[in-house]
Q: 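Below is one structure. I have some questions about it.
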Amino acid sequence: MPPYAMEETLSQHMDPFEYAFVHSLIPQSITDPGGAIRVNDAFCNLLGYSREELLDASTWMQLTHPDDVALSQAHVDALLSGECEEADFEKRYLRKDGETVWAKVHTHLSRDEGGEALYFMTSIVDVSERMQAELTLVESEARFRSLFTSIDQGMALHEIVTDDAGTPIDYIYLDLNESYTRLLGVTRDAIGKRITEVMPQIERYWIENFGKVAQTGKPSYYENYLETTGRYYSTYAYSPKHNQFAVLVTDISERTIVESALRESEERYRTLTENTSDVVWALDPETMRFIYISPAVEKLRGFTPEEVMAQSLADAILPEYVEHTKEMLRANVAEYLASEGEQIVSETIELEQPCKDGSSIWTEVVASCRRNASTGRLEVHGITRDISERKRAQEALERSEQKFSMTFHLTPDAVNINRLSDGLYIDVNEGFTELTGYTHDDVAGKSSYDIDIWCDLADRERLVSGLRTDGAVNDLEAEFRRKDGSVTTGIMSARVMGIGGEPCILSVTRDISERKRIEDDIRRLNTELEERVQERTEELTVSNEELIESNLLLEEATRAKSDFLASMSHELRTPLNSIIGFTGILLQGLAGPINEEQRVQLRMVSDSGRHLLSLIDDILDLSKIEAGVTTAKLEPVDVPALTSSIMELMRPLATAKEIELASTFEPDDLVIDSDPRLLNQVLINLVGNAVKFTDEGSVSVIVKRDDEGIAFAVSDTGRGIRPAALPHVMERFYQAESLVEAKHGGTGLGLAISVSLAEILGGSLTCESEFGVGSTFTLRIPAAGLR
């Protein structure tokens with residue numbers, strides 16, 4: 001029947017079932033006796049074909065496994081002959097990808113009203129898993145029977161005999177193997193007999209224990225001595241079926257003797273491993289878990305042996321070493337197996353392991369695979385050793401080598417390393433290339449003699465002689481021939497040293513060509529200068545007399561200047577005091593009311609007058625010092641009282657800026673012979689400056705006495721002084737930063753005056769400062785003034 005005819009037939013007979021057929025989850029097909037086929041989605045999905053592929057009759061014939069074609073055809077023939085209307089059987093289908101699918105097939109043949117065959121309606125169920133399980137079971141039973149008959153262990157199957165209360169009173173032999181007969185002397189004639197018939201002397205204890213195994217299903221293990229044979233046995237009993245039990249019997253007489261000796265050996269081994277500082281361990285390579293670890297692990301990593309054995313291998317090392325370590329262990333096991341146990345190869349690895357306190361420690365692990373003589377299992381045995389000190393030494397060496405390498409390549413001097421034995425170049429740096437024109441490749445495998453770098457071979461001989469005699473040569477000046485034939489001058493130092501275990505020469509050469517040229521120029525200029533000096537000496541002899549006379553006039557002019565400044569300062573102070581005083585009267589409203597604008601202008605007049613008065617005071621003080629008028633008048637000074645009064649004087653200014661003031665004295669009863677007026681002036685200036693230039697934080701005065709004298713340290717948390725300005729900060733009229741001075745005011749004379757007053761007091765004034773942190777000015781008075 002052609003496909004369109006089958007479609008027409010189906011449309012007449014199966015319209016109500018069309019949707020159910022196409023979307024059924026059960027694989028189904030409709031086939032006419034001529035071979036035309038129609039399948040649903042589930043059928044296609046099961047066998048991996050498309051509908052179009054299954055329309056091809058040749059493809060359809062490929063679906064059945066060759067071994068099942070005859071079976072399928074027999075069922076088709078039976079249906080067509082009318083022998084049956086339905087057929088149920090199992091067969092194998094072949095998927096498009098070649099895989100086999102076991103299926104349970106149900107086929108129904110539909111006929112027309114005249115009894116003519118129309119089409120086969122087939123449904124299939126995938127039973128591959130069940131068939132595989134059945135095949136596996138058959139194979140398992142065959143293997144079990146083969147194992148039962150061939151194993152060296154004695155094996156017997158029994159059934160428990162109970163009384164009316166269900167209490168075990170005996171058991172019957174159901175089966176036993178030849179090994180059981182050989183080990184226990186019980187022949188196969190015992191099958192079907194009770195144990196009390198075969199072994200009348202058997203103890204009640206054994207019947208009760210084996211009965212418990214058969215009735216509860218819980219296996220048990222025994223080791224016992226049998227008097228009838230005079231041998232030791234191990235017996236493992238389990239229940240394969242309710243009220244039945246099987247036993248596996250092994251002769252352990254030889255093992256018992258060996259185990260006794262082994263226990264003594266293990267005791268000695270355990271004593272050794274538990275008292276060594278190295279960690280001894282054993283690992284199961286299949287599970288990657290420890291099966292033994294010595295107590296030394298707690299000292300090494302802080303974990304107890306029990307804690308480590310509860311962990312996996314991945315927990316015992318840092319994550320970045322896990323895969324590499326596992327690969328090493330697997331490779332070791334594979335190599336051991338490949339040698340069939342004849343070769344034990346140790347593998348060594350360095351890795352970091354975590355400690356219980358969260359830190360890590362460097363260790364060296366030596367591991368090797370071997371088979372446990374007692375259990376027959378493969379095990380990896382190893383030793384773990386603390387190498388933290390060695391790693392630190394290695395890291396220090398690497399850092400040192402790295403620094404040497406950086407220094408070697410970055411230094412502008414020419415550096416080269418030559419082998420001591422034959423003088424061949426090992427390495428040269430970029431400075432060598434710059435000096436000589438030769439690159440590393442140019443000198444590789446050659447000596448300095450080979451490249452003809454020495455202009456005078458006597459210089460080379462001096463170098464070799466010095467190295468042989470002293471092992472070192474310093475400041476050897478020589479001329480060298482460059483690659484382009486030009487000549488340069490260098491100064492060389494060399495040492496004999498071991499590099500990589502081989503004696504070598506390390507040489508450093510500095511290009512002094514420019515220096516030599518300058519030296520020649522200097523010598524020429526010196527000659528010219530001597531001639532000119534001789535000419536000028538005669539002129540200066542005459543000029544000196546004129547200079548002496550000029551100095552006398554200058555000294556007299558300086559005194560006159562100081563007298564003039566002092567006189568002018570007095571003349572200026574009187575009107576300024578009047579200006580400041582009358583301005584204060586106006587600001588207080590004593591001369592009548594003023595408006596806000598007038599008040600602002602008057603404050604500016606007052607501030608300017610005070611600033612000018614301060615400037616005049618500083619100039620007057622400086623003039624007095626230069627004129628030699630200011631001298632120290634010594635008297636006892638109570639240092640704590642003097643300092644405290646200054647701090648109280650400055651406190652209102654500090655409080656207004658929210659700055660903390662503090663002072664300390666060591667000891668607190670210091671008394672010195674000094675000029676209180678000059679000392680007071682210096683300290684007021686220092687503390688005032690500290691408060692003025694500190695916007696937040698604190699100002700402190702620390703007074704200490706030591707063997708050299710007494711020191712007044714005035715410290716602040718202000719902005720500090722830039723390093724470039726620090727050497728000039730005490731010079732006259734010097735302002736470190738004009739913007740800062742403009743903000744805070746000042747003449748630039750305060751510190752210069754303080755330095756001069758400190759010298760008049762026989763002491764000194766110094767400054768230490770860190771920009772952005774603060775400054776400390778220290779006034780030192782020598783010990784001669786102490787009481």
Side-chain angles (χ1 to χ4, degrees), residues 580 587 596 599-600 603-604 606-615 617-618 639-666 668 670 679-704 710-755 757-758 764-780:
I580 294 169
L587 285 171
E596 188 59 33
R599 186 178 300 279
V600 170
R603 283 201 188 100
M604 293 175 62
S606 179
D607 291 343
S608 298
R610 292 179 185 278
H611 179 72
L612 184 56
L613 182 60
S614 174
L615 176 61
D617 286 340
D618 287 345
V639 173
L642 176 68
T643 305
S644 297
S645 66
I646 294 171
M647 299 298 277
E648 290 305 315
L649 180 64
M650 294 298 171
R651 194 168 302 281
L653 295 176
T655 302
K657 299 181 71 173
E658 297 183 352
I659 297 171
E660 181 183 352
L661 283 181
S663 59
T664 58
F665 310 95
E666 297 179 11
D668 57 4
L670 280 171
L679 183 58
N680 186 73
Q681 185 174 349
V682 174
L683 293 177
I684 286 177
N685 187 32
L686 296 179
V687 177
N689 279 350
V691 172
K692 181 165 61 174
F693 292 105
T694 301
D695 294 327
E696 60 180 13
S698 63
V699 173
S700 64
V701 178
I702 300 174
V703 185
K704 287 186 178 181
I710 183 171
F712 297 81
V714 180
S715 301
D716 63 64
T717 58
R719 64 180 293 142
I721 303 169
R722 294 185 185 276
L726 191 58
H728 309 288
V729 74
M730 295 186 189
E731 295 176 359
R732 296 176 184 179
F733 300 106
Y734 182 81
Q735 295 180 342
E737 293 188 33
S738 59
L739 291 178
V740 174
E741 296 301 331
K743 175 182 175 182
H744 296 286
T747 63
L749 290 173
L751 286 177
I753 293 172
S754 296
V755 170
L757 294 178
S764 63
L765 181 62
T766 59
C767 175
E768 296 178 355
S769 183
E770 183 176 351
F771 186 70
V773 176
S775 305
T776 298
F777 287 84
T778 304
L779 171 64
R780 297 185 181 276

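Bear in mind that the values here come from a model prediction, so they are computed numbers and not experimental data. FYI, the numbering just counts along the sequence from 1.
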Q: State, with a plain yes or no, whether a side-chain heavy atom of L679 is found less than 4.5 Å away from one of F712.
A: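 Yes; the side chains approach each other to less than 4.5 Å.
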Q: OG/S754 to CG/L779 distance, rounded to the nearest 0.5 angstrom?
A: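 Separation between the atoms: 8.5 Å.
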Q: Is there side-chain contact between I659 and D716, with at least one heavy-atom pair below 4.5 Å?
A: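 SC-SC contact between I659 and D716 ruled out.
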Q: Are Q681 and I753 close enough that some pair of their side-chain heavy atoms sits under 4.5 Å apart?
A: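 Q681 vs I753: side chains touch.
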Q: Quick one: closest heavy-atom pair of A758 and V682, and the distance?
A: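 Minimum heavy-atom contact is N-CG2, 4.5 Å.
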Q: Quick one: are K657 and D695 in side-chain contact, heavy atoms under 4.5 Å?
A: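 The answer is yes, as the side chains (C-beta and beyond) meet within the 4.5 Å cut-off.
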Q: What residues, two or more places apart in sequence or in another chain, satisfy side-chain contact (heavy atoms from CB on, under 4.5 Å) together with N689?
A: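 Applying side-chain contact (heavy atoms from CB on, under 4.5 Å) to N689 gives N685, K692, F693, L751.
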Q: Can you tell me how far apart CG (L670) and CG (L642) are? Round to the nearest 0.5 Å.
A: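 L670 CG to L642 CG: 11.5 Å, rounded to 0.5 Å.
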Q: Rounded to the nearest 0.5 Å, what separation is found between the OG atom of S715 and the CD1 atom of I702?
A: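 Answer rounded to 0.5 Å: 5.5 Å.
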Q: To the nearest 0.5 Å, what is the distance between CD1 (I721) and CD (E770)?
A: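 Output value for this atom pair is 12.0 Å.
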Q: Which residues pass the side-chain contact (heavy atoms from CB on, under 4.5 Å) test with P727, not counting sequence neighbours?
A: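 Checked P727 against side-chain contact (heavy atoms from CB on, under 4.5 Å); zero matches.
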Q: Calculate, to the nearest 0.5 Å, the distance between atoms CD1 and CE belonging to I684 and M650 respectively.
A: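 Going from the CD1 atom of I684 to the CE atom of M650 covers 5.5 Å.
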Q: I want to check something: taking the side chain as every heavy atom from C-beta on, are V699 and M647 in contact at a cut-off of under 4.5 Å?
A: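 A side-chain contact under 4.5 Å is absent here.
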Q: Okay, side chain of S769, backbone of G720: is any donor-acceptor separation there less than 3.5 Å?
A: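 Such a contact is absent between S769 side chain and G720 backbone.
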Q: With side chain to side chain contact (heavy atoms under 4.5 Å, CB included) as the test, pick out the partner of I646 among V714, L686, L683, V701.
A: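 The single option meeting the side chain to side chain contact (heavy atoms under 4.5 Å, CB included) with I646 is L683.
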Q: At what distance, to the nearest 0.5 angstrom, does CZ of R719 lie from CD of E696?
A: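 Answer rounded to 0.5 Å: 12.5 Å.
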